[in-house]
Q: 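Mind having a look at this structure? Questions to follow.
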Amino acid sequence: MKIQTQTALLFTVLTALLILFISFTTFYFISRFASNDFLKRLELRVRVAAKLRFEQNKLSTVTYQELRQQYLEVLPKEKEYLLTWDSVSNTIEPRVSNLPQSFYYNIIEAEGKTVYIHKDKVHYAGILYHDDGKTYIVIKSAVNEYANRLLSTLLQAKIATFIVGVLLVFTVGIFFSRKTFQPLRQLISKVQDISAHNLHLRLELKKGKDEMTELANTFNTMLDRLQTAFETQNNFVSNASHELRTPLTTIMGEADIALKKARTNEEYRQSLQVILNEAGKLDHLTSSLLALAQSGFDGKKQRRSVVRMDELVCEVKAAIDELHPENHVQLHFGELPPNEQQLSVEGNYHLLKLAITNIVVNACKYSNDKPVQLSLYVVKDKISIKVVDEGIGIPASELKYVFDPFYRASNTDRFEGHGVGLPLARNIIRLHNGELLIRSEENKGTIVEVVLHSQSS
């Protein structure tokens, strides 16, 4: 069911409940008023009837006629009953059929006040009257036909009004809900026209700050991100295929040259060496691409443990010494806290080591093995690892692209690399809810800072 139909139905149900409440309240108060009015008239008649019956000899004829004309208009099916009550034997004669015994005793206990009862659509009003040492029960009965007809007509009118009102409200609700959701339908139609082939299209933004404008703006922002991601993916695939094709072409070329004719052992050895070098590059590149892809996961599948960052930094230095024995990496520790938890993070040891190792290797490579400082500081609940080099630096205009896979700055042509290290490092640090910050100045050097939250935070 469409939202506009649901909205119309909800509006109709709420309005119907309101109409029912108003109709019920109106019907209840009108019926109460009609009933009370009829009972008051019936009470007047029973009292006047008692006075006329027992006091007419004491009243003048003129007064008697005035009372009759003023009060004794005949009610529908009006009847009068006069009963005698013997207080000694507690007997009432004669009795009115269909009236319960309790009604008589209620009249006696009321001591002159009017008592009412409703039986088989007939209203009864009774009072106790004393005259000449005797006690009488005077009862008047009548049918409230006028109120019954009024309430019946009112009920029919209320039912008809309710049905017509609900249908009218639903029709109006459908009309206005269609008008209300028309911009949303137009928005859906325009969004359906956008595909991977025309991601440049955007939704038209109207003036104002309503929900539709906000939704269109949200869609446009999402399309911006999708377009950027799509173009980044295309660039990634293009660059990856190019980077993979280069060593493969060299390997195939060397193998083809070696197989064309017989060669000396030295020539075969040279070809095999070239093939081995290119295969090594290919292996390093595929490993980096695999690590980059895995670092894009949500981090829930990586095995995590408590990692002491001071120990990890020492392991990184040892790994660099093994890979590049001629390096000039200098290890510095700030004032370390006594609490071990302030030096520890919860994460994947191997991924963290890979990220920091990549940063330090880049610093060594792009500084021509000039001194590189690897420092560890702890400030409150944050662990900071800084890698400072005195290398070629990064041009200011290109600094924003360093985290794009396969991007290499314009001043790195003479250095071998694939542009995967920094994007991989940033993804790993993000998996650990950390930050990777870069400050660089061309021909002066680069500072890369990794900030992680310690276990104590």
Q: For H123, what residues pass the ring-ring contact (aromatic ring centres under 6.0 Å, His included) criterion, not counting sequence neighbours?
A: F38, H118

Q: List in chain and number order the residues that pass side chain to side chain contact (heavy atoms under 4.5 Å, CB included) with A16, two or more places apart in sequence or in another chain; answer none if no residue qualifies.
A: F162, V166

Q: Sequence neighbours excluded, which residues qualify as side chain to side chain donor-acceptor pair (under 3.5 Å) partners of E214?
A: none

Q: Can you list every pair that meets ring-ring contact (aromatic ring centres under 6.0 Å, His included) and has a residue in residues 138-161, with sequence neighbours left out?
A: none

Q: Tell me every residue that passes ring-ring contact (aromatic ring centres under 6.0 Å, His included) with Y136, counting only those two or more places apart in sequence or in another chain.
A: F54

Q: Can you list everything that forms a ring-ring contact (aromatic ring centres under 6.0 Å, His included) with F175? Sequence neighbours excluded, please.
A: none

Q: For residues 339-351, which residue pairs pass the salt bridge (Lys or Arg N to Asp or Glu O under 4.0 Å) check, not counting sequence neighbours?
A: R308-E340

Q: Between T12 (side chain) and A8 (backbone), is there a donor-acceptor pair under 3.5 Å?
A: yes

Q: Can you pull out every salt bridge (Lys or Arg N to Asp or Glu O under 4.0 Å) where at least one residue sits in residues 18-40? Sequence neighbours excluded, please.
A: D37-R41

Q: Looking at A125, is its backbone amide N or carbonyl O close enough to the side chain of E43 to form a donor-acceptor pair, meaning the two atoms are under 3.5 Å apart?
A: no

Q: Enumerate the residue pairs fulfilling salt bridge (Lys or Arg N to Asp or Glu O under 4.0 Å) with a member in residues 147-176, sequence neighbours excluded, ordered by first and then second residue.
A: E145-R149

Q: The criterion is side chain to side chain contact (heavy atoms under 4.5 Å, CB included); which residues satisfy it with E441, sequence neighbours excluded?
A: K444

Q: For N220, give me all partners under side chain to side chain contact (heavy atoms under 4.5 Å, CB included), at least two apart in sequence or on another chain.
A: R202, L203, L205, L223

Q: Quick one: list whatever passes side chain to side chain contact (heavy atoms under 4.5 Å, CB included) with I447, sequence neighbours left out.
A: V388, R439

